[in-house]
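The shown structure was predicted, so the numbers you read here are calculated from the model rather than taken from an experiment.
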There are 2 protein chains.
Amino acid sequence: MPVEIKSVGIKDVAKVANVSPATVSRVLSGRPVDPAMQERVQAAVISTGYRPNLAARRLRSQHTNTIGLILADIRNPFFTAVSRAIESLATARGLRVILCNTDEDPAKEAMYLELMQQERVTGIILAPSRQRVTRAGDLAMDCPVVLIDRAIPGAREDCVLLDNEAMAGLLLEHLHDQGHRRIAGLFGASSSTGIERRNGFERAAARLGITVDALAIPHAPGEAEKAVAALLSGPDRPDALMASNGLMLVSVLRALRSLSLEVPRDIALAGFDNSDWMELIGNGLTVIEQPVEEIGRTAMTMLLDRLEHPDAAMRKTVLSGKLIARGSSARNPATGS
Amino acid sequence: MPVEIKSVGIKDVAKVANVSPATVSRVLSGRPVDPAMQERVQAAVISTGYRPNLAARRLRSQHTNTIGLILADIRNPFFTAVSRAIESLATARGLRVILCNTDEDPAKEAMYLELMQQERVTGIILAPSRQRVTRAGDLAMDCPVVLIDRAIPGAREDCVLLDNEAMAGLLLEHLHDQGHRRIAGLFGASSSTGIERRNGFERAAARLGITVDALAIPHAPGEAEKAVAALLSGPDRPDALMASNGLMLVSVLRALRSLSLEVPRDIALAGFDNSDWMELIGNGLTVIEQPVEEIGRTAMTMLLDRLEHPDAAMRKTVLSGKLIARGSSARNPATGS
DNA sequence: TTGGTCATAGAAAACGTTTTCTCACCACTT
DNA sequence: AAGTGGTGAGAAAACGTTTTCTATGACCAA
């Protein structure tokens, strides 16, 4: 004899409480119902161990109360930090979050976008993969989409981005203030952030009247190391380097280390994305810290706004980061010049 | 006049292809059907832009082809690495993954476990929150559960764990081999991994015939720093430290830095969980690297096995990590003694 | 030819909810 | 006192699929 042959449904609860299934549904969704019945239903829910079937609920009610969060790289602490902010806001509003990781693979990205549509999600927050940057931004989703971190050229979706140009400029100015004049920057070649940061870097250099090296580095292992080695063996060795993201920063450090150069004693180094270990390197690394919590909050807010006003104009929010100044070298060139 | 008043369903496809909905369903799920019809259906699917409704599919077919992956801390690179492995295996088998982050909060964990049941997931892989360790392991889920990383005492679920005792012993032996004799270990007080690693540490010390300090550190900001400060201001200063996880390792480094001590010049340091920045600190940090890919693969395999054999005996898989030996100090005590 | 088995595809039921529809009841208004 | 409006709960439809059931026709053996 089977112990529990069939899972308990709303009808079973109704039977136990001596009411109609409709009434159980009403109690469960908090709509007005006779207090006596409400009590009976609640007791029945507990005694039967009823658990709503979300698939059935979604099918009938035609809203999933779910948003899709598609991230380009779940190993990147920036993305996980943003996801935490988004997730906590979403649950506070009674929305579930489906988290997907594309690993910077456009095929996986397309697969997940399709999947989200099949799930009939309410909305999507997408951190596009790098390669997306090349294709025109025709997402053509049935639900609102908010882009974060990376822009898709020509996209008609709302987005929230870091002010990459300004921040790269800020970083260069910081290095300049510290007395550095021969500055080289390494930027991701294929991401919109890399390109924007590079633009900001070069414009700031023009403003400051200094000449700089701005290198576009392919996203492949060893490329940054090669570039650093080439830079430092060249005729006029830079006295400061700048990296356009956290991964590249580590690569640059590794390269410097293999050349037996120490930061900031022998060369200055700055970059993007703060990590807890950065203060442990030499005198620390100067970086731009992104306002992760605010990015997540803004993206969520924009998505909710868009759901309320589907036909409002496209919005683009640009946020500033925070310069974490560290790594003033012992023999600071600014005082030495 | 509305452009697209209603989303296209399987009936619309059927109408276009001049077949019954059942036949469309059969084509979609790859069951045998007349080639001519199959072609018509496939054409109709494309021309109508049909997208299956997963909620309806799940409701009717009664299987979700979805597994829940509940992680204690999405910011921990160990967990994200494991999740990548799990995710890729799952999609290869046509399973979707719902990723949830409890932030070490037992209430959130309970909430997500309940949610997974409401989603009627096929199975769950759970990295329990730290506090779980205290409560008895009565998950009482309706679906199979595989535990990873942390054990729940008395749990009846399958699990895959690191051989924490052995690895902690290995690490201590390494420090001992390097000539260190006054060794202190800092271990998370409330996680099963912390406790097991501490046990392994103390047993190995007994084996080696040395006395060690094994400290249980509460999981709160500043605690590890306090403990390090106390240790190093005490009468017989340790010449080597060991930390039971990555977070604590950073805290210890920070504390040492504020005491102007350098690793490994002034003191040796070892711990768990490898990170790419570790080789950049001093001469590098010796750590135990966990076999993340294998952990994920094993968990997934165990889950699938359990689905096939629900009544098989409970299994516990214990995996070994890899010692990444780094950080031999310039004035190595082993050669200096 | 006839009867039986098998394969194939359409018809209809079913999945577990929410929502709409309907009806009974009660309180007001006129 | 009779109509009217509002309220609250049960009945039944609906959500978009898959699956079961049924009917038709083909094929084969007797």
Test item: Asp305(A) and Arg315(A) side chains (from C-beta on) under 4.5 Å apart, heavy atoms
yes

A side-chain contact here means heavy atoms from C-beta on lying under 4.5 Å apart; do Cys143(A) and Ile124(A) qualify?
yes

Note: for Asp34(B) and Leu28(A) on DNA chain C, the residue whose nearest nucleotide lies more 5' is Asp34(B)

Rounded off to whole Å, could you give me the NZ-to-P distance for the Lys11(A) and dG10(D) pair?
15 Å

Checking Ser25(B) side chain against Pro21(B) main chain: does a donor-acceptor pair fall under 3.5 Å?
no

In plain terms, say whether Lys316(B) and Asp158(B) are close enough for a salt bridge, that is, a side-chain N and a carboxylate O under 4.0 Å apart.
no

Checking the side chain of Asn65(B) only, and the main-chain atoms of Leu95(B) only, is there a donor and an acceptor separated by less than 3.5 Å?
no

Rounded interatomic separation in angstrom, taking CZ from Arg120(A) and P from dG16(D)
8 Å

The side chain of Ala22(B) lies closest to which of these nucleotides: dT19(C), dT19(D), dA9(D)?
dT19(D)

Asn53(A) side chain, from C-beta outward: closest of dG10(C), dT17(C), dG10(D)
dT17(C)

In whole angstrom, what separates Ile10(B)'s CD1 from dA14(C)'s P?
19 Å

Below 4.0 angstrom from OP1 or OP2 of dA9(C), is there any side-chain N or O of Thr23(B)?
no

Arg60(B) (side chain) and dT17(D) (base): donor-acceptor pair under 3.5 Å:
no

To the side chain of Leu59(A), which of dG10(C), dT19(C), dG16(D) is closest?
dG16(D)

Between C1' of dG10(C) and NZ of Lys15(B), the distance in whole Å:
15 Å

For His63(B) and dT17(D), what is the distance between atoms NE2 and P respectively, to the nearest whole Å?
16 Å

Is Gln62(A) close enough to dG16(D) that one of its side-chain N or O atoms is under 4.0 Å from OP1 or OP2 there?
yes

Could you give the CZ-to-C1' distance, from Arg58(A) to dA14(D), as a whole number of Å?
18 Å

For Ser61(A), report the nucleic acid contact type (base, sugar-phosphate, nothing); a contact means any heavy atom under 4.0 Å.
sugar-phosphate

Presence of Ser25(B) side-chain N/O under 4.0 Å of dT18(D) phosphate oxygens OP1/OP2:
yes

Given dA9(D), is OP1 or OP2 found less than 4.0 Å from the side-chain N or O atoms of Arg31(A)?
no

Here the distance between atom P of dC15(C) and atom CD of Gln118(B), to the nearest Å, is 20 Å

What's Arg26(B) touching, base or sugar-phosphate or nothing? Going by heavy atoms closer than 4.0 Å.
base

For Gln38(B) and dA9(C), give me the distance from atom CD to atom C1', rounded to whole Å.
14 Å

